[in-house]
Structures are given as structure tokens and as C-alpha cells.
Amino acid sequence: MATLPQWQPEFYYWLLLTFVVGLERFLPLPRSAHPFFLLHQLAAGMARKVHRPDNSRSQQRISGLMATLSLTLPWLAIAAVIYWVAELDWLFEALVLLLCLHSGRAFSDYRQVQQALAKGQKQLARERLARYLARDLTPLSELGLRKAAMEYLSRQLMLGWLATLCWFIIGGPLAALAYRMLFELSQAWPVMQKRWRDFGFAVNWLMRGFAWPASVLLWLLLAVRSLLGGNILPWRFAPQSHMHKQDGRLWRALAVRLKCTMGGAIKLDDQRQHRPRFTPGPEPEPHHSKRLPGILTRCQWVAWMLVSPLFLIGLLAT
């Protein structure tokens, strides 16, 4: 009878997490069946009760902070109790990682947007994009929709997937869950829109602060790849009113990698808002948008290959 190799338990645990990282990418859960869908519903209900756009800025920010704490701390407490009493703690950790990474749905929606644009179904593409973007999508042409999709997918990878993975490595499943909940709430209360600018300030500030390691790591991966191609990516990027410096660095790096234009003006609250425009090449064509998922997928696997050995060494050392 065949038996498994006599490896240490920590190595089997590392193999399990590697399997989870691959599984969630290629087995997306239905949106309505995912726990974060419930969190979005709760966030909308909480905002209807406590958000008053006519209140002063300080009152709105305090309300947003209290709403954030109310929607995160109880669930984290329940998860912590389950984690501490569970005999199969490794199974709990793998399940939390599977649910929190949640990038497969973003890639699946991106493919559906590209298919809709290829068929000339711009309204269907707008409906898919509206789940991820807070801007006004109605006036966008096929080109504008394509650029918007490229922006949301890359941003989703950096702030949603990679930052969650980093916090799982740094602090374990509860840290990953806490960060991912902050990210989801920042999506529910997008500070780009005037209505949420103050109410969503606290959760967006926390999310962006905790996403810093992931933004640096992804920029470094793209910078090294660009350097191999003979290009040097600048690090400095001044924050803009409607483009965070983390997003700006990412989109500038991807524009150089794809040799196409990214960024540019957007429409928010019925007003045209100017943003930086990165122009190392022409406006993105369908072949540029088709290349993007492959680039981001390679970034996912390279990031895991970089951080997981350090994680495994830490497990074996303890």
C-alpha cells in the first residue's frame, strides 16, 4: 500500500496553501454565494441608517469609523473564537485564505467584459464594470470601457489579492480577514464619489495603509521585468485628487509593460475630473487587454514563489 513521504507537517501545510492559491484563481465562487456579498449588503444597510451627507465633515468621518468597527470587529471576534477552539486549525486557515483571496471572480468578470466589448454589447460591459468602479460609465466608449476594465483588474489584484496574501503571511488568517473586510468596505463606500468622501475616509485610509507592502512588492515585480527589457521605472508619483499614488505607480508600470496608454480623465458626480495620463504607447487595443490577465497571473505566481519560502522557513523555525 502506497504511503505519503515522511515530510514534516509544516511542509504539507505549505502544499495545502499552494493548492488553495491555485484553486481560488481558477474556481471562482458565484458572487451571491460569497460571504463578502453579505458584507456589502450590511454595509449598504448600515450607511442608510447612519450616513448623513449633510452633516459636518468630522461627524461623517466619525460615523464612518464607527460603522467600520461595527461591521468588522464582531465578525472578527466570531472568527477568532472558531479559530481558537477548532481542532483542525489548518483547515480553518485554508478556508479563510480561499475566501479572502477571491481573485477568480474578478478575472472571470474581466473576461466577460472583453467578450461583451468584442460583440459590441457595451451596456453589458458597463453592468459588469459597475460592480468594481465608482465612476460614471454611461458616456464611455468601447475604448474607455476597455481602459476602465484594465484599471479595475490590476487594482483588484494589488489591493484585493496580493495585500490579503501578504497579511496572511505576516499575521495569519485573522489578519488577512481583517484586511479583506476593510478592502470590501472601501469598495462599498468609494471615497472617489462626493457622497462617500468623508464617510468612507477612515476605512479607505486604513485599507491603503495596510496595502503598502503589497503595492511595493507588485511595483518591484513589474520594475524588475521592465529593467530586463531595458526600461527603468520611476518610483516617485505625486498623489492626485482622483488617483492614489499606489494606483498611479501600478498603472504607469503596466502602461510601460504593455506599451499602451493608461489613465486619463474620468467622469465623477456628473463632472469631468482630470487625472494623469501615462502614454508610453498608443491607446489600448484588444490585444493589450488580452495580455493583461497573463501578466497579472504571472505576478500572482511569482509573488507566491517569493513569499511562500519565507513563510515555510518561518514555520519550520518555530
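Remark: side-chain polar atoms of R52 are paired, donor with acceptor, to backbone N or O of K49 under 3.5 angstrom. In this structure, the side chain of E24 does not engage the main chain of G22 through any donor-acceptor pair within 3.5 Å. Not a single donor-acceptor pair under 3.5 Å links the side chain of S108 to the backbone N or O of G104. Formation of a donor-acceptor pair under 3.5 Å by the Q60 side chain with backbone atoms of P53 is found in this model.
Membership of an apolar cluster is not assigned to L143, as no side-chain contact below 4.5 Å to another ILVMFWY residue is traced. Grouped by direct or indirect side-chain proximity (heavy atoms under 4.5 Å, Ile/Leu/Val/Met/Phe/Trp/Tyr only), M192 sits with I266, L268. Residue L227 is found in a hydrophobic cluster whose other members, listed by chain and number, are I232; membership requires side-chain heavy atoms under 4.5 Å apart, directly or through intermediates.
Among residue pairs with one or both ends in residues 62-96, those qualifying as ring-ring contact (aromatic ring centres under 6.0 Å, His included) are Y83-F92; sequence neighbours excluded. Applying the side-chain hydrogen bond (donor to acceptor under 3.5 Å, both in side chains) definition to pairs two or more places apart or across chains, those involving residues 167-188 are H40-E184, R155-Q187, R180-E184. Counting only residues at least two apart or on different chains, the side-chain hydrogen bond (donor to acceptor under 3.5 Å, both in side chains) pairs with a member in residues 295-306 are T18-W304, R25-T297, R25-Q300, S103-Q300. Under the side-chain hydrogen bond (donor to acceptor under 3.5 Å, both in side chains) criterion, no residue pair touches residues 219-238, with sequence neighbours excluded.
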Exercise for review: May I have the step-by-step check of salt bridge (charged side-chain N to carboxylate O under 4.0 Å, His left out) for R272 and D136, ending in yes or no?
Suggested key: CA-CA 10 Å; R272 181 181 172 87; D136 186 0; over 6 Å; no
Check your understanding: Hey, mind stepping through M262 and K147 against side chain to side chain contact (heavy atoms under 4.5 Å, CB included) and telling me if it holds?
Key -> CA-CA 7 Å; M262 293 191 71; K147 291 173 67 175; 5.5 Å; no
**Study point:** Worked check of side chain to side chain contact (heavy atoms under 4.5 Å, CB included) between L145 and V113
**Key:** CA-CA 9 Å; L145 292 171; V113 168; 5.7 Å; no
Point to revise | Stepwise side chain to side chain contact (heavy atoms under 4.5 Å, CB included) check, F168 with C100 | key: CA-CA 9 Å; F168 185 90; C100 287; over 6 Å; no
Check your understanding: Should V21 and W161 be marked as a side chain to side chain contact (heavy atoms under 4.5 Å, CB included) after you check the CA-CA gap, both sets of side-chain angles, and the distance that decides it?
Key -> CA-CA 10 Å; V21 169; W161 188 89; 3.8 Å; yes
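With sequence neighbours excluded, the residues forming a side chain to side chain donor-acceptor pair (under 3.5 Å) with R31 are D109, Y132, listed by chain and number. Partners of H51 by ring-ring contact (aromatic ring centres under 6.0 Å, His included), not counting sequence neighbours, listed by chain and number: W196, F199. The side chain to side chain donor-acceptor pair (under 3.5 Å) check on E285 picks up nothing, with sequence neighbours excluded. Scored by the salt bridge (charged side-chain N to carboxylate O under 4.0 Å, His left out) test, R111 finds no partners at all (sequence neighbours excluded). In this structure, R252 has no salt bridge (charged side-chain N to carboxylate O under 4.0 Å, His left out) partners at least two apart in sequence or on a different chain.
Between D247 and R208, some side-chain heavy-atom pair lies under the 4.5 Å cut-off. No side-chain heavy atom of P284 sits less than 4.5 Å from a side-chain heavy atom of L258. Two residues are said to be in side-chain contact when any heavy atoms from C-beta on lie closer than 4.5 Å; L124 and K119 fail this criterion. The shortest side-chain heavy-atom distance between L97 and P173 does not fall under the 4.5 Å cut-off. The shortest side-chain heavy-atom distance between R128 and R126 does not fall under the 4.5 Å cut-off. Put simply, the side chain of L16 does not reach to within 4.5 Å of the side chain of L91, judged on heavy atoms. You'll find the side chain of L174 stays beyond 4.5 Å of the side chain of V96, heavy atoms only. Inter-residue side-chain proximity for F107 and P28 is flagged as unmet; no heavy-atom pair is nearer than 4.5 Å.
We find the CG-OH distance between L296 and Y110 to be 8.0 Å, quoted to the nearest 0.5 Å. For the atom pair OG of S63 and CE of M46, the computed distance is 10.5 Å after rounding to the nearest 0.5 Å. Atom NE2 of residue H242 and atom CZ of residue R135 lie 11.5 Å apart, to the nearest 0.5 angstrom. M66 CE to I62 CD1: the interatomic distance, rounded to the nearest 0.5 Å, is 9.0 Å. Rounded to the nearest 0.5 angstrom, M150 CE and C260 SG are separated by 4.5 Å. If you take CZ on R257 and CG on L250, they are separated by 13.5 Å, rounding to the nearest 0.5 Å.
With a 6.0 Å cutoff to the six-membered ring centre and a 45° limit on the axis angle, R61 counts as a cation-pi contact of F201.
The two residues L185 and L71 have their closest heavy-atom pair at CD2-CD1, 3.9 Å. Closest non-hydrogen pair, G248 versus M243, comes out as CA-SD, 3.7 Å. Considering every non-hydrogen atom in both A149 and Q114, the closest pair reads CB-NE2, 3.7 Å. Shortest non-hydrogen contact noted between A130 and L137 is N-CD1, 3.6 Å. Nearest heavy-atom pair across L159 and A211 is CD2-CB, 3.6 Å. Residues W14 and S308 approach most closely at NE1-CB, 3.2 Å, considering heavy atoms.
Both I295 and L153 are part of a single hydrophobic cluster, where members link through side-chain heavy atoms under 4.5 Å apart. Both W205 and M207 sit in one connected hydrophobic cluster of ILVMFWY residues. Membership requires side-chain heavy atoms under 4.5 Å apart, directly or through other members. No chain of hydrophobic side-chain contacts below 4.5 Å, direct or via other Ile, Leu, Val, Met, Phe, Trp or Tyr residues, connects L182 to F37. L254 and V224 are assigned to two separate hydrophobic clusters, defined by single-linkage of ILVMFWY side chains at heavy-atom distances under 4.5 Å. Residues L88 and I78 are members of one and the same hydrophobic cluster, defined by side-chain heavy-atom contacts under 4.5 angstrom among Ile, Leu, Val, Met, Phe, Trp and Tyr.
With 3.5 Å as the limit, one finds no donor-acceptor pair spanning the side chains of Q246 and W212. In this model, no donor atom of one side chain and acceptor atom of the other lie less than 3.5 Å apart for R275 and Q240. No side-chain donor from either of E283 and T261 sits under 3.5 Å from a side-chain acceptor of the other.
Residue-environment remark: CZ (R131) exceeds the threshold of 12 foreign heavy atoms within 6.0 Å. Atom CZ of F36 has more than 12 heavy atoms from other residues, nucleotides or ligands within 6.0 Å. Counting non-hydrogen atoms of other residues, nucleotides and ligands closer than 6.0 Å to CD of Q123 gives a total above 12.
Salt-bridge check for K194 with D269: failed, with every basic side-chain N at 4.0 Å or more from each acidic carboxylate O.
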